[in-house]
Each structure stands twice: as structure tokens, then as C-alpha cells.
Visitor: 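My questions will all concern the structure given below.
Because the structure is a prediction, the values reported are computed rather than measured. Every chain is numbered from 1 and lettered A, B, ... according to where its sequence line falls, protein lines coming before strand lines. Below, each value reflects all heavy atoms present in this structure, side chains not excepted, and no hydrogens, waters or symmetry copies.
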2 protein chains.
Amino acid sequence: MAINSVNVLFTHALADTALSAKQKEVLKASLVLFSEQGFDRTSTSDIAKKAGVSEGTVYKQFKTKEGILAAILKPFAQSVIPTAASEFVTMISSTSYPSLEEFLRHVVQNRMQFAKENKLQLKIFAQELLHNTELVQALEAEIKPKLIKQMGQVLEYYQKQGQLVAWPAVRIFRYVISVVFSYLVPYLLLELPLDVEEASQEAVEFLLGGLSPATK
Amino acid sequence: MAINSVNVLFTHALADTALSAKQKEVLKASLVLFSEQGFDRTSTSDIAKKAGVSEGTVYKQFKTKEGILAAILKPFAQSVIPTAASEFVTMISSTSYPSLEEFLRHVVQNRMQFAKENKLQLKIFAQELLHNTELVQALEAEIKPKLIKQMGQVLEYYQKQGQLVAWPAVRIFRYVISVVFSYLVPYLLLELPLDVEEASQEAVEFLLGGLSPATK
DNA sequence: TAATAATAAGTGAGTGCTCACTTATTATAA
DNA sequence: TTATAATAAGTGAGCACTCACTTATTATTA
């Protein structure tokens, strides 16, 4: 059921691509198998079988098994950090800024929803991060400046307003991201349900306390 | 250097066991290879070569490759949550309770130090968690009650004192653990240095803000 | 339109190789 | 000498990937 809905979303994303129906089946089967068993424990014959195609078909489009992985993770990786055109920026660049609470709730909720819709990709991604050091370095180099550029001035605004503690942006990101993950990890690993509305509410309540300027 | 010191610690832990010198070498080699390349991408012949023994010797003690993994992870898993005999409890059960800040700093610092000393095991452990669903379930079932039993009354104490917000224990654990991990993840994945003293200081500063009873 | 040609997509039985694990042989120790 | 420890040479299953060939689709011509 949960997997189905993920598949529906993935299928939808696949619609834009120039892949044939069978090649899409290959990607869908790989998505499920990689996330369930891990990349290394999934054979190309497993993939072919689940996709209902021959092994030759698998290799017609994707030259290597790694190529299949890349085809799944590339579009995912590029949407982990929402682009400058995203809602975040439009939300902020409007004449009236929302409160820090509203802003945080929006960001947290948005990313939790994203994680929910990309559950399988996230699991595969995490596996890859753990034994692909170069990938980690490359991501760090790309994502961190992007994040700071996009969010940096927003944070500054709230800091000048006195709504946000005057810590470096990196430190604030660290806490926001980790608290979001504190709700995602049980969902990803234990298959527990995740109520995004409730979770983001809770998370923001905590974050606001920790990120408000000192009353100490 | 960092790996060396880890090895020194691991070697020390190995001293108590009834393993022969060569069998200990097997475990040390496996620890490094599994953490660097992952379990699936490490062959038993790699292990034998690095340990300076034959492949037969590897299999004399450890019946399977999985058996090697278990020999590494079992003692680690059991020390992730410190036992009831640990410092935590003695710290608390003394007649004068420390402040929440002191208590938090001690816990956070202690676990960060532990992570630093068990860096390679942690990496292997994380890999395993991602595609071993049963293991995750088993850990959840064992660790969660243990954690609540040990820490539950301590939290209650601070809540009654008005130092700690009256949230369920699970929610408080969630935030403390995730903030600790926010410092560990860059250390583990990006090989960045980790100053435990400084990091725990920072972490607690944030946690105290978020976990103090509402001033809202 | 119908017939033919050209291209693309798909197949499945290989192929060489790696791997976890075994076993026959040799070194060491009691 | 006998028992134990260690080795090094297997062994067969499974793997990623290939390739000669077939089928489906599209373009071209009469």
C-alpha cells in the first residue's frame, strides 16, 4: 500500500522520460529491490524477473548495474534541496514575511512530505552514502553552498528581527535537519506511520524553543 | 592515525576474548575492511590477506562471513546503551542531583566519546541497519524499554523540578539523540574532526533551550 | 494504400570470473 | 607419534555482462 503509492509517484515521474514501457518497469523493479535488499544483494536477473523482461533488455538501456542506480538517484538527489524557484523563496520574497514559526513549519512540513513521497529512494540513497565516500564529498560540496545561498539571507532577516538566535547558519541547519530526521528515521527503518502534519508541528515547537534568542 | 587509535581500542577489547592471535587479526582486518568497503564488497580472501592468514584459518573460528560480522557487532551493540551499572546512574543516585545542564552535558559527551572510539563499528552498524529489517526490529524491542527504564525516572525528576518540559520520554530521547547525531554524521561520513568537548557544549546549549519548560 | 526496407527494441543462452566455503596436505606442538 | 593448527589448492554456485538472433515499429517507395 505504502509501496504502491510510492510506485505511483515514481511512475508519474517516469512519464516524462523517453524510456519505453519495459525500461520503466526495469527502473520500478530496481527501485523496490534496491531499497528492500540493497544494491549489492540485488542481482540483475532478479531485476529482470521482477520487471517481466529479459536480462538483455535491462542492459539495452542501462549499460551497467550502476547505471540503473544512477538513473534512480540522480533526479532524486537534485530535488533534495529545493530549487531557487521553489515555494520557499516565493514565500519569503513576498512583501510580507511570515513569522519564523510559519516559515519553519512550512519548510519542515515540505521536506517531511518529500521524504514520504521518496521513501524508497531515500533508503537507497542512505545506503549509497555509507560506502561511497566520493559521492558524500561531492554532495557536501554542492549542497552546502546551495543551502546557504538560498537560506542564508532568510535566516539573517529573522536574526535581525530578533526572532532567531544569532548562531552561524550551519549550526542552525544542523539542528533543523537533525530534528526532521528524528521523525524520518523511525518511519524509514521501522516502517512506523508518519503523520506529517503532527510531526512537523511537534518538531517546530521544539525547534522554536531551542532557536529563540536566549532568555537565559 | 584515527584508524590506528580505533584499532588500539579494538585490540584492547579483544584482549579479554579467548581468541588466538591470528583470529584477532581476522577481526581487526574485517573491522577495517567492512567499514571502508562495506560487508558485501569485502571478500573473505581480502580479509585473509589483510590479516596475514589463510582463508581456512578465517573459517576455523568463524563458520561464515556473517559470523565475523556478528563477532564485531555483538559487543558493540550491547554497549550502545550504557548498562545500569554505568556512570549515569551512579551520577544520579548520589544524594545530590546535578542540574539538568550538567546531566545532559555528561550524557551527550559520554555518547559522543563512545561514538568516536567506535567509529568503524558504528559505520558497519549503520550499513547493517539499512538492509536488515529484523535486526532493526530486534534492537528497537530491546533498546527502547531499556532506555526508558533507565532514564525514565531521571527525566521525571527534572520534570517535577520544573527544569524539563513535560513531554513524553520518547519525545525527549528523540531530540537528544538526533542532536547528538547531528554532530556525529559529519564526523562519520565526511571524516571531519570532532571536538567532543566543544560539540557537547554546543549541543547542550541548544537542547536546553528547546527542552526548557515553555516561556511562550 | 500496400509492400518493402531500415531501425529500434527485446530475447535468452552463453561467458568468464568472483566468491563463500571445503578439503587434502603440511607444519607445529605435546 | 599423535593431535592440533594452519595452509593452499580446490569447487561449484551465482554473478554482471555479451551477443547472435528475433520481433516490433517506423520510414520509404511504388
Visitor: Would one find a side-chain N or O of Gln61(B) under 4.0 angstrom from OP1 or OP2 of dA5(D)?
Guide: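 Looking at the OP1 and OP2 atoms of dA5(D), neither is under 4.0 Å from any side-chain N or O of Gln61(B).
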Visitor: Atom CZ of Phe62(A) and atom P of dT18(D): how far apart are they, to the nearest Å?
Guide: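 It works out to 15 Å between those atoms.
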Visitor: Is the shortest side-chain N to carboxylate O distance from Glu205(A) to Arg171(B) below 4.0 Å?
Guide: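 Yes, Glu205(A) and Arg171(B) are salt-bridged.
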Visitor: Can any side-chain N or O of Arg111(A) pair as donor or acceptor with the backbone N or O of Val80(A) at less than 3.5 Å?
Guide: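 Pair found, side chain donor or acceptor close to backbone of Val80(A).
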Visitor: For a quick check of understanding: with a heavy-atom distance under 4.0 Å over all strands, which category does Val58(A) fall into, base, sugar-phosphate or nothing?
Guide: nothing
Visitor: Any side-chain N or O of Thr44(B) below 4.0 angstrom from OP1/OP2 of dA20(C)?
Guide: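 Result: yes.
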Visitor: For the pair made of OH in Tyr59(A) and P in dT15(C), what is the distance, rounded to whole Å?
Guide: 18 Å
Visitor: Any chance the rings of Phe206(A) and Phe206(B) have centres within less than 6.0 Å?
Guide: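 Close enough - the centres of the two rings lie under 6.0 Å apart.
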Visitor: Base, sugar-phosphate, or nothing: which does Glu55(B) touch, judged by heavy atoms less than 4.0 Å apart?
Guide: base
Visitor: Return the 5'-most residue of the pair Asp46(A), Lys22(B) with respect to DNA chain D, ranking by each residue's nearest nucleotide.
Guide: Lys22(B)
Visitor: Using atom CG of Leu69(B) as one end and atom P of dC21(C) as the other, report the distance to the nearest whole Å.
Guide: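 Rounded to whole Å, this separation is 12 Å.
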Visitor: Which class fits the ring pair Phe125(B) and Phe76(B): parallel under 30°, tilted 30 to 60°, perpendicular over 60°?
Guide: perpendicular
Visitor: Rounded to the nearest Å, what distance is computed from the CD atom of residue Glu66(B) to the P atom of nucleotide dC19(C)?
Guide: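 Interatomic distance, CD of Glu66(B) to P of dC19(C): 16 Å.
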Visitor: Between P on dC19(C) and CZ on Arg41(B), what's the gap in Å once rounded to a whole number?
Guide: 12 Å
Visitor: Which sits closer to the 5' end of DNA chain D, Gly56(A) or Ser43(A), going by the nucleotide each is nearest to?
Guide: Ser43(A)
Visitor: Go through dC17(D), dA8(D), dC19(C) for me and flag the one nearest to the Ser54(B) side chain.
Guide: dA8(D)
Visitor: Measuring from the side chain of Ser20(A) (C-beta onward, heavy atoms only), which nucleotide among dA6(D), dA9(C), dC21(C) has the closest atom?
Guide: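 It is dA9(C).
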Visitor: Roughly how many Å is it from CD1 in Ile47(B) to P in dC19(C), rounded to a whole number?
Guide: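 The answer, rounded to whole Å, is 11 Å.
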Visitor: Under a 4.5 Å cut-off applied to non-hydrogen side-chain atoms, are Phe181(B) and Val185(A) in contact?
Guide: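 Side-chain contact under 4.5 Å: no.
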Visitor: What integer distance in Å separates Lys49(A):NZ from dA16(D):P?
Guide: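 Taking NZ of Lys49(A) and P of dA16(D), I get 12 Å after rounding.
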Visitor: Once you round it to whole Å, what is the distance between C1' of dA8(D) and NZ of Lys60(B)?
Guide: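 Result: 14 Å.
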